[in-house]
Amino acid sequence: MNTPLFEALLRLGDDRLVLGHRTSEWCGHAPILEEDIALANIALDHIGQANLLLGYAGTVEGAGRDQDALAYFRDAVEYRNALLCELPKGDFGVTIVRHFLHGVFSVLQWEALSQSTDPTIAGIAAKALKESKYHVRHCGEWVIRLGDGTDESHARAQAAVDQLWPYTGELFMQPADEASLVSAGVSADVSALEGAWRAQVSDVLRRATLTAPEGVWMQRGGREGRHTEHLGHMLAEMQIVARSHPGAQW
Amino acid sequence: MTTMSPVADDSARLAQFEARVAADESIEPKDWMPERYRSQLIRMMSQHAHSEVVGMLPEGNWITRAPSLRRKMILLAKVQDEGGHGLYIYCGTETLGVDRQELVQQLLDGKAKYSSIFNYPTLSWADMGAIGWLVDGAAIVNQTMLAKASYGPYARAMVRICKEENFHKRQGYEIMATLARGTPAQKAMAQESLNRWWWPSLMMFGPHDKDSSNSDELMKWGIKRKSNDELRQRFVNLTIAQVKAIDLTVPDPALRYDEATGNWITGPIDWDEFWRVVKGNGPCNRERIEARRRAHEDGAWVRAAAIAHAEKQQRNNRETTERQQ
């Protein structure tokens, strides 16, 4: 039986690993060279955060698994990321809107976790907070540009919001097994972040002349390992070399 | 008052320019320069920038399959650096009075060249090692020389870029060294990759001096300071020692050490292959340009949105200012 802290760290780490991986798929193919560099930077930040979080998860688990064992030798059903993170990268609009929606959540989460009573988590959160603030600024500006730009960019940005919105609710569903961690000040209650998230997201969407869908069913399952079909394909690619050479050093 | 005829004027300027180059002075964007110097620099610098950008593709091909998180991060950072180098050199080229969009369009139209090495496919993880070690290693040998080029903006760009390339080369060699001392399958992967990249890496220095059409002029104007063959020899000497240190071999049965010169002498390079790839028939020429075109076309709506938004902002700002007056 996994401990609540191990599970909580997987949720944090897997979000960043999967989202970082998806973003890294852009490398060399972005709309402009400047954006290629920016997206690589955002991907790098996420994978760097995952590296620290999964490394700590391995330590907490105490079963001899390091970050690479956790990243490369778990199957999709063992991943704990939110579904939002694993959806295919889509067009530039989907990529940017997703980073914005998840980034605003991340900033709020890191702000709360930088006060964690667990010093390792607090340290990682403080570092990640600076990175996520930059991601939100960068992607938020693009959301406005795309929403306000041309008819086509507006339509694509709105389609991205419509596609991704049903996956945002899961971010704020507080897992039951984290209650003791929250009361001990180790973890943060994500359900408490939703109000601030909505306010910030609504402000940018309004400036981008975009609208958030209302009354949609919020998809869920990622936190329990019930994923979309996309994650398995992503992991198949990500894990192929490592799994072809079990026990090898790289 | 005496007036110089334009011809005499130009020949005096040319003499002065060549004297400055001969005295190792740096030529700066606003200085007078012969048109041919300008066009040769634009050709070289834009080819260099294109090479950085196209060079993102073969390595980008393995970012999603890197076998550890550390390797994934290093590779992402490396490819990101290459994008940065491309941007930096495009900006440097713009100091010569040419627009980046125009240069990019030449690449997309298949009219501009880029380093032929990137027309080879990346087939295994070991290729990330071989490219960093050999391709970036060869580039460093070339760029260390270019860091002393007569055109200031290019030389300064090369100083900065060389520092990062050194990191790229080290990480590549470290990948190969790790594989070479790994499992038998890993070592075989490293050797197979070295076999494929060795000869194309030697070709990166261009044709033999006697067959290099641009070399004389570039040397005269201090854009290049060493010949293709000199640079290639330097690279071979440096690299053979590194190959031996990790217990791999180069695919060249004729390779021998020449006591008299202290040089490693390679067997003949297959120049037919070189020209075939340069002329567009390498394994990936079409795919590389196609990938760049697709990225450009798929991104058109994004660039249009950025321009439209900026224009709306300008208009709004202007209207606000007018209302205030």
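Proteins come first, then strands; the chains are lettered A, B, ... in the order of their sequence lines, and each starts at number 1. Just so you know, these numbers come straight off a predicted model, no measurement behind them.
- Only the side chain of A:Leu17 comes within contact range of chain B, with at least one heavy atom under 4.5 Å from a heavy atom of that chain.
- With a 4.5 Å cut-off on non-hydrogen atoms, A:Trp142 touches chain B through its side chain but not through its backbone.
- Dense packing is recorded around CD of B:Glu319, with more than 12 heavy atoms of other residues, nucleotides or ligands lying under 6.0 Å away.
- The existence of a salt bridge linking A:Arg98 and A:Glu86 is excluded, since no basic side-chain nitrogen approaches an acidic carboxylate oxygen closer than 4.0 Å.
- Few gaps surround CG on A:Asp203; more than 12 heavy atoms of other groups in view lie less than 6.0 Å from it.
- Chain B forms more heavy-atom pairs under 4.5 Å with one residue of A:Glu34, A:Glu25, A:Gln67 than with any other, namely A:Glu34.
- Interface remark: B:Arg71 contributes side-chain atoms only to the contact with chain A (heavy atom separation under 4.5 Å).
- Looking at B:Leu57, only its side chain comes within 4.5 Å of chain A, counting heavy atoms on both sides.
- In this structure, chain B has heavy atoms under 4.5 Å from both the backbone and the side chain of A:Ala43.
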B:Leu248/B:Lys187 under side chain to side chain contact (heavy atoms under 4.5 Å, CB included): CA gap, chis, key distance, verdict: CA-CA 9 Å; B:Leu248 295 177; B:Lys187 183 166 185 181; 4.1 Å; yes

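- For the set A:Glu152, A:His29, A:Glu237, A:Gln249, the count of heavy-atom pairs under 4.5 angstrom toward chain B peaks at A:Glu237.
- The residue among A:Arg156, A:Gln239, A:His21 with the most heavy atom pairs within less than 4.5 Å of chain B is A:Arg156.
- Counting heavy-atom pairs closer than 4.5 Å to chain B, the top residue among A:Ile96, A:Asn51, A:Leu54 is A:Asn51.
- Contact count versus chain A (heavy atoms, under 4.5 Å) is highest, among B:His296, B:Glu59, B:Arg303, for B:Arg303.
- Contact annotation for A:Asp36: only side-chain heavy atoms (C-beta onward) come within less than 4.5 Å of a heavy atom of chain B.
- Residue contact with chain A, scored on non-hydrogen atoms closer than 4.5 Å, is absent for B:Arg181.
- Using a 4.5 Å cut-off between heavy atoms, B:Met189 touches chain A through its side chain atoms alone.
- Judged by distance alone, with hydrogens and angles left aside, the side-chain atoms of B:Trp197 form no donor-acceptor pair with the main-chain N or O of B:Leu134 at under 3.5 Å.
- Interface remark: A:Ile240 contributes side-chain atoms only to the contact with chain B (heavy atom separation under 4.5 Å).
- Each of A:His135, A:His46, A:Lys89, A:His99 was compared with A:Thr23 under the side chain to side chain donor-acceptor pair (under 3.5 Å) criterion, and only A:His99 meets it.
- For B:Leu179, the part lying near chain A is the side chain, with the backbone staying farther off; criterion is any non-hydrogen pair under 4.5 Å.
- Within 6.0 Å of the CG atom in A:Asp151, the count of heavy atoms belonging to other residues, nucleotides or ligands does not exceed 12.
- Note on B:Arg70 versus A:Asp68: no salt bridge recorded, every NZ/NE/NH1/NH2 to OD/OE distance being 4.0 Å or above.
- Only the side chain of B:Val53 has a heavy atom closer than 4.5 Å to any heavy atom of chain A.
- The number of heavy-atom neighbours closer than 6.0 Å to NZ of B:Lys312, taken from other residues, nucleotides and ligands shown, is above 12.
- Residue B:Arg294 does not touch chain A at all, counting heavy-atom pairs closer than 4.5 Å.
- The ring pair (Phe, Tyr, Trp, His ring centres under 6.0 Å) check on A:Tyr72 picks up nothing, with sequence neighbours excluded.
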